[in-house]
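Report on one structure; see the data block that follows.
The residues of the chain are indexed from 1 along the displayed sequence. Whatever order the structure lists ligands and atoms in, that order sets their numbers, starting from 1.
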Amino acid sequence: MFPQHIIARKRDGHALTRAEIQAFVRGATDGSWADYQLSALLMAIFLRGMTPEETAAYTDAMMHSGTVADLSAVPGIKVDKHSTGGVGDKISIPLAPLVVACGVPVPMISGRGLGHSGGTLDKLESIPGFRTDLSLAEYGAQIARIGCALIGQTKDLAPSDKKLYALRDVTATVECIPLICGSILSKKLAEGIDALVLDVKFGRGAFMKRKADARALAEALVAVGRAGGKQVRAVLTGMDQPLGRTVGNALEVAESIACLRGAGPADVMEVTYTLGAHMLVLGGVAPDETAARRKLEAAIADGSALAKFREIVVAQGGDGLVVDEPARLPQARLQVAVPARRAGTVAEVDAMEIALAALRLGAGRARAEDKVDPAVGVSGLCKIGETVAAGAPLAVIHANDEAALAAAQAQVAAAIRIGAGPVAVPELIGETLR
Ligand code: URA
């Protein structure tokens with residue numbers, strides 16, 4: 001099966017066979033296809049699309065391009081959550097211990113952020129000592145012991161995605177639903193899960209800016225996940241303004257701890273409870289979302305979710321005392337407020353601009369090899385619909401560099417618009433696809 005024949009078939013609008021798709025993914029994994037051949041087929045797929053059957057075959061081939069974790073020895077229905085990513089999206093950190101505290105094992109393999117803000121791994125690594133590089137054997141053993149492990153992508157998990165994603169990134173073929181489905185689901189299905197809840201974001205700070213595009217992606221993800229034999233639900237959630245009041249690695253861990261103490265921002269709690277409720281239902285510990293939500297609220301109120309987080313932190317080598325004393329997390333040298341220039345109602349907090357300010361401070365990566373600064377970012381962010389007095393702080397910038405501080409202050413000030421009248425608060429929780 002020559003690569004050029006497979007490329008020509010897709011170029012001419014034909015559906016590829018399972019064997020052709022397997023040859024392509026094998027070619028990406030073992031290097032037997034040249035980068036230009038892989039790229040040509042990626043572009044042909046981008047332009048011609050894939051049928052649901054092709055997308056399912058592609059996802060399956062990607063998942064089997066490496067190790068598929070076997071967690072069958074761990075009792076219970078294993079459920080994970082995946083988010084398509086957003087600004088201030090720290091949901092995994094409160095959500096995983098909360099769901100585990102309610103009796104559902106959560107195997108979670110996360111990525112590092114490339115672009116504006118850090119990923120879940122970068123956030124967790126701001127906890128002194130926290131290790132995210134567990135082997136798959138350590139991962140399985142920890143899930144069996146305490147119900148959860150929060151680790152990074154290992155090189156043996158869906159290795160074809162690493163190759164293909166890097167090519168997509170530089171060949172303008174990222175924004176393609178079948179390719180996104182294969183990329184996201186191959187990694188998640190290789191974790192050893194039974195069920196998956198997807199948080200598909202839409203809005204200014206999201207990968208999908210339009211809700212209709214997010215819905216199309218969610219529909220495809222649910223269909224392909226189901227074709228892979230897993231129970232999958234997808235919730236559409238809004239990402240026009242940052243989630244919560246912090247953007248930055250240690251700052252987001254501190255906010256996550258506040259959530260686990262029952263003192264988190266309303267929007268972070270709402271997304272956590274919504275996704276968590278679906279996880280409990282899929283995990284078979286609650287009959288419906290209303291009962292599930294009551295269980296989640298009880299696990300926050302009685303401290304069991306916080307205790308589970310402490311247990312996970314300690315199990316992965318982290319300083320468990322941060323859970324009680326978040327001030328032990330890295331602190332930036334400079335902390336300066338951004339004052340409101342006028343009184344009024346917050347009408348806009350542009351998630352993308354806030355993310356770029358955090359990136360400028362060093363909270364994210366412009367290139368894969370960049371190191372993130374765990375301490376920097378933005379806290380105390382105002383929310384759309386709040387009223388502010390002239391001179392009141394709209395946000396606090398945490399910086400370790402004077403020049404970056406000044407630039408971030410100006411950028412955050414420009415990202416927040418204060419209006420005179422009442423404003424419409426953007427939609428946070430959209431529909432669920434199941
Ligand atoms: N996230 C992924 O992991 N893959 C994609 O293709 C897009 C977003």
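Using a 4.0 Å cut-off between a side-chain N of Lys or Arg and a carboxylate O of Asp or Glu, E20 and K10 do not qualify as a salt bridge. A salt bridge links R131 with E138: the distance from a Lys NZ or Arg NE/NH1/NH2 to an Asp or Glu carboxylate oxygen falls below 4.0 Å. In summary, D80 and K78 do not engage in a salt bridge, as defined by a charged side-chain N under 4.0 Å from a carboxylate O.
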Do E270 and R293 pass the salt bridge (Lys or Arg N to Asp or Glu O under 4.0 Å) test, and can you show the C-alpha distance, the side-chain angles, and the key distance before you say yes or no? CA-CA 10 Å; E270 191 53 39; R293 189 165 175 137; 3.0 Å; yes
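Atom NZ of residue K383 and atom CG of residue D267 lie 3.5 Å apart, to the nearest 0.5 angstrom.
Applying the ring pair (Phe, Tyr, Trp, His ring centres under 6.0 Å) rule to F309 yields no partners; only residues at least two apart in sequence or on another chain are considered.
Taking a heavy-atom cut-off of under 4.0 Å, ligand 1 is surrounded by Y165, R168, I180, S183, I184, K187, F207.
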